[in-house]
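One structure is given here, and the rest of the page talks about it.
Numbers for residues simply follow the sequence, beginning at 1. Computed from a prediction, not measured in an experiment: that's the story for all the values here.
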Amino acid sequence: MDPHSFEQDGVVYEVRFERTPDGWIARIRPEDGAEAHVFAFPDGIGFDPEDVRGSLIAGCEAAVARIPRRAPTRH
């Protein structure tokens with residue numbers, strides 16, 4: 001599945017999807033960050049069978065909203 005980018009609270013995120021035997025893995029990385037957040041989306045309830053990609057994107061955007069933000073640093 002092709003990667004997806006979205007913006008939330010002024011931060012642009014890139015998501016890369018990987019299919020596994022049990023569902024999907026999403027690696028979500030801020031565009032300017034080195035660390036990725038990894039989320040698993042198991043097959044089953046919650047996916048629209050007509051729009052799996054849209055379901056995954058909605059899940060990723062909801063997950064990012066719950067990731068704690070780092071406090072700004074002073075230099």
Inset, instruction - Count the heavy atoms belonging to other residues, nucleotides or ligands that lie under 6.0 Å from CD of Glu7, then report whether that count exceeds 12. - result: yes
Inset, instruction - Only pairs at least two apart or in different chains count here, so list each salt bridge (charged side-chain N to carboxylate O under 4.0 Å, His left out) that has a residue in residues 36-58. - result: Arg19-Asp43
Inset, instruction - Please state whether the rings of Phe6 and Tyr13 are parallel, tilted or perpendicular, taking 30° and 60° as the class boundaries. - result: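 Plane angle under 30°, so parallel.
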With a 4.5 Å limit on heavy-atom distance, are the side chains of [X] and [Y] in contact?
X	Y	result
Trp24	Val52	yes
Val15	Ile57	no
Phe41	Cys60	yes

Inset, instruction - Please report the closest heavy-atom contact between Glu61 and His4, naming both atoms and the distance. - result: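 The pair with the smallest heavy-atom distance is OE2-NE2, 3.9 Å.
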Inset, instruction - Apply the test side chain to side chain contact (heavy atoms under 4.5 Å, CB included) to residues Ile25 and Phe17: give CA-CA distance (whole Å), side-chain angles for both, the deciding distance (0.1 Å), then the verdict. - result: CA-CA 6 Å; Ile25 301 293; Phe17 301 102; over 6 Å; no
Legend entry - Salt-bridge contact Glu35-Arg29 (side-chain N to carboxylate O under 4.0 Å): no
Inset, instruction - Please confirm whether the backbone N or O of Pro30 pairs with a side-chain atom of Glu14, one donor and one acceptor, at under 3.5 Å? - result: no
